[in-house]
Structures are given as structure tokens and as C-alpha cells.
Number of protein chains: 2
Amino acid sequence: MTTTAPHDQVKDRLEQAGQRYTAGRQALVVFLHTAGHPVDMNEITAASPGLPMSSVYRNLVVLEQAGAVTRLQGPGALARYELSEELLGHHHHLVCSSCGRMEDYQVPPEVEGALLAATRSAASNNGFKATGHRLELRGLCARCGQATPGATEPHPLT
Amino acid sequence: MTTTAPHDQVKDRLEQAGQRYTAGRQALVVFLHTAGHPVDMNEITAASPGLPMSSVYRNLVVLEQAGAVTRLQGPGALARYELSEELLGHHHHLVCSSCGRMEDYQVPPEVEGALLAATRSAASNNGFKATGHRLELRGLCARCGQATPGATEPHPLT
DNA sequence: CTCCGTGCAAACTTTTTGCAACGGG
DNA sequence: CCCGTTGCAAAAAGTTTGCACGGAG
């Protein structure tokens, strides 16, 4: 699961963008990589107490612009971040409607094919030029399975 | 396109929740209904200058809890709202990666079938109990088709 | 020496909440 | 009358920005 973090690719992308692959950025990439699922600010700061949020946000912006990180908007107000599909490969997400947690998820190839087809057929629709797709499977994660079903309140932490 | 707004269903739902279907709420429902796509606060307040945002937010919460309105998190920071699927029927969205605008979109039945199948097969995955799905087709809307492709900045307005 | 990156604090944006006044049933 | 609803203003939550310092190239 914890295969070596994609430091080289990230470094290349950053340097192409005229940015350095500093210690803080490496730590961020390692954290995103080992987390294995899209993380939010709470998770990041919980993992490194004292780390200033502004630096984290700034580094996330830099990494996003370099194409190394993707920012996702979950159901809640908090943004979530993960390594980009260019590093991680194409995938989708399971989203817990109770706590907002996300997990990566690969759909079966037939479904992926159907989504590709839908993207292409939508390419003509309404003047919209569709270029990609994003699927969320909503439900309850293991933690929330038994708690307040139907609710939308966030869970304690992580 | 502008079939009669679903006042009766909304009213029923609100009354079941012990809430009234006031003028402000009716106006909101009419606006959501005639807009025909998920709208954000800017669009709402632009349509009714002077209307206090707090009331709009509160009414949206009430309507959401009554199951008449759904809150969507677009790519940007602003939340978008539309009439719930219970009123509008099941559908998905085209999302402009440049300006954040969303349009409703029905996928072909085969794709919908594949999504259902994926939802069911994910039901077993990771302890996640998948109960529904949400598909976004990303691309450029008609307005943004020629402008700054690849960018993620919002467009002027509406 | 020159920039890029960092930390801190303050600003900003979006959304929520408290409180007093209003008005329909 | 009562209680849900409204408006205004203040607060909260999340994110962004300005500025000065420090370290890498």
C-alpha cells in the first residue's frame, strides 16, 4: 500500500513550474501518499501539530498548480486533497454522507467504459464540451454504518 | 420548460416538517424551478436585490431538511442549490471547470444501468454501504468554450 | 546576493447564529 | 395570543494575503 512516494514525478513537475521541492512539500506529499485517501485540513494539522495552516494551504496551491495534487470539494465545507490522477491513476470515490470521509474506488471496466461513452455523448450536449467525468458513490462508511443514518452531521475526527 | 412550479409537493413537505410555505420560500422555489439548473448565492441575490442573505440561507436549510431542495458543492467555494431529485427526478450534472456553472443532464439508460450496478457492487466494498451515486461530467460550458481553457478561475457572473 | 519559501497575523468570503420585531392562524 | 419567520448585525469557519525574516542556490 505504501509504495514509494512519487517524489521524482512531483519534483519534476514543481521544477517545471519554477518551484522547489522543499521539505514541507515533501512532507505533504508523503502524508497524502500514505493516507491513501483524500484528506482535509483537520487530518493534515492533526498529523503535524504546530504546522501553520497558511503554509499548508500555500503548498497545496503550488502542488495543485504543478499538477501533483487535486483539490476536491466534499459534502462539507472542508476541501479535501489527494495526489493527482496523473500520479495516482484514474479513479473515483466513495463518499460517506454522514462524516464526509472519502475513499478511492475503482469501478469495474464495463462501468468505466459506460462513463467514457457518456462523456463522449455529452460532448455534444447544450454547447458543453465534456472532457472528463467524476463519479461519487454515496453511502455510509464503516465507521458511520450504525450511527444516525440519514443525518448529514460530521463525525468526531479523521 | 417552465412547467408549473411544484408548489403543492413543497408545501406538503414543509407542513409535514411543521413549517410554513411562506412568500419568501415560494419565491425561492420559483426561482430554483425557473432557473432550471443549480444556482448559487450570487445568482439568487442578483435576482432579488436587497433580499437578506441570512433569510435565504435559512430558507434553503429549511427546504433542504424538508427534502425539497438539494445543496450541491460545486468546484468553487460557493454552494449551489436545486430542487431535490424527489421533485425533479434522478439526474446528473454537467460542470464547467472554468466558471463552475452546472447544468442538469440525463445520462443514457445503459449508463444509468451501469451506475446502478456499480453502486450495488460497491455496496460490499471496504465496509462502505453505498446507497446512491452522483456523476459529474466536467468540461467547458458554452460561455467558457473559447476562454482560458485549462484555467479554473470563475467567470464574471451568472 | 538574490529569490523563493516560511511563519505569523490580519483580511476576506461564505455561511451560521442571536435577538428583537412582525404577522398569520 | 403563539409560534414560526424575518431582518439586521455580529460571529464563526475556512481560506487567502501582506509583510518581514531566513535559507538555499
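In the text below, chain A, chain B and the rest are named by the order of the sequence lines, each starting its count at 1.
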Classify the side chain of B:Arg58 and the base of D:dG4 as holding, or not holding, a donor-acceptor pair under 3.5 Å. no
Check whether any side-chain N or O of A:Arg25 sits under 4.0 Å from OP1 or OP2 of C:dG5, and answer yes or no. yes
If you find the nucleotide of DNA chain C closest to A:Tyr21 and the one closest to B:Tyr81, which residue's nucleotide is nearer the 5' end? A:Tyr21
From the list D:dG7, D:dG4, C:dT14, which nucleotide is the closest neighbour of the side chain of B:Leu78? C:dT14
Whole-Å gap separating C1' (D:dC8) and CG (B:Leu51): 13 Å
If I take atom CG from residue B:Leu78 and atom CD from residue B:Glu43, how far apart are they, to the nearest 0.5 angstrom? 9.5 Å
Would you call B:Arg13 and B:Glu86 a salt bridge, taking side-chain N to carboxylate O under 4.0 Å as the test? yes
Measuring from the side chain of B:Pro52 (C-beta onward, heavy atoms only), which nucleotide among C:dG5, C:dG7, D:dC8 has the closest atom? D:dC8
A:Ser54 side chain N/O closer than 4.0 Å to the phosphate oxygens (OP1, OP2) of D:dT15? no
Output the distance between atom OG1 (B:Thr119) and atom CZ (B:Arg134), rounded to the nearest 0.5 Å. 13.5 Å
If I take atom CG in residue B:Leu60 and atom P in nucleotide C:dT15, what distance separates them, rounded to the nearest angstrom? 10 Å
Between A:Glu64 (CD) and D:dT16 (P), how many Å, whole number? 9 Å
DNA chain D nearest-nucleotide lookup for B:Gly18 and B:Ser55: closer to the 5′ end is B:Gly18
Does OP1 or OP2 of D:dG14 have a side-chain N or O of A:Asn42 closer than 4.0 Å? no
Which of these nucleotides, C:dG5, C:dT14, C:dG7, is closest to any side-chain atom of A:Gln19? C:dG5
What's the CE-P distance between B:Met53 and C:dT17, to the nearest Å? 14 Å
From OH of B:Tyr57 over to P of D:dA11, roughly how many Å is that when rounded to an integer? 19 Å
The reported gap from CD in A:Gln26 to CG in A:Asn59 (rounded to nearest 0.5 angstrom) is 11.0 Å
Separation of A:Gln73 atom CD from C:dT15 atom P, in whole Å? 10 Å
Integer-rounded Å distance: C:dC4 C1' and A:Lys11 NZ: 16 Å
Rounded distance (Å) that lies between atom P of D:dG14 and atom CD1 of A:Ile44: 13 Å
Can a side-chain donor-acceptor contact be found between B:His90 and B:Glu112 if the only test is distance below 3.5 angstrom? yes
Report which part of the nucleic acid B:Thr22 touches: base, sugar-phosphate, or nothing (heavy-atom distance under 4.0 Å, all strands). sugar-phosphate
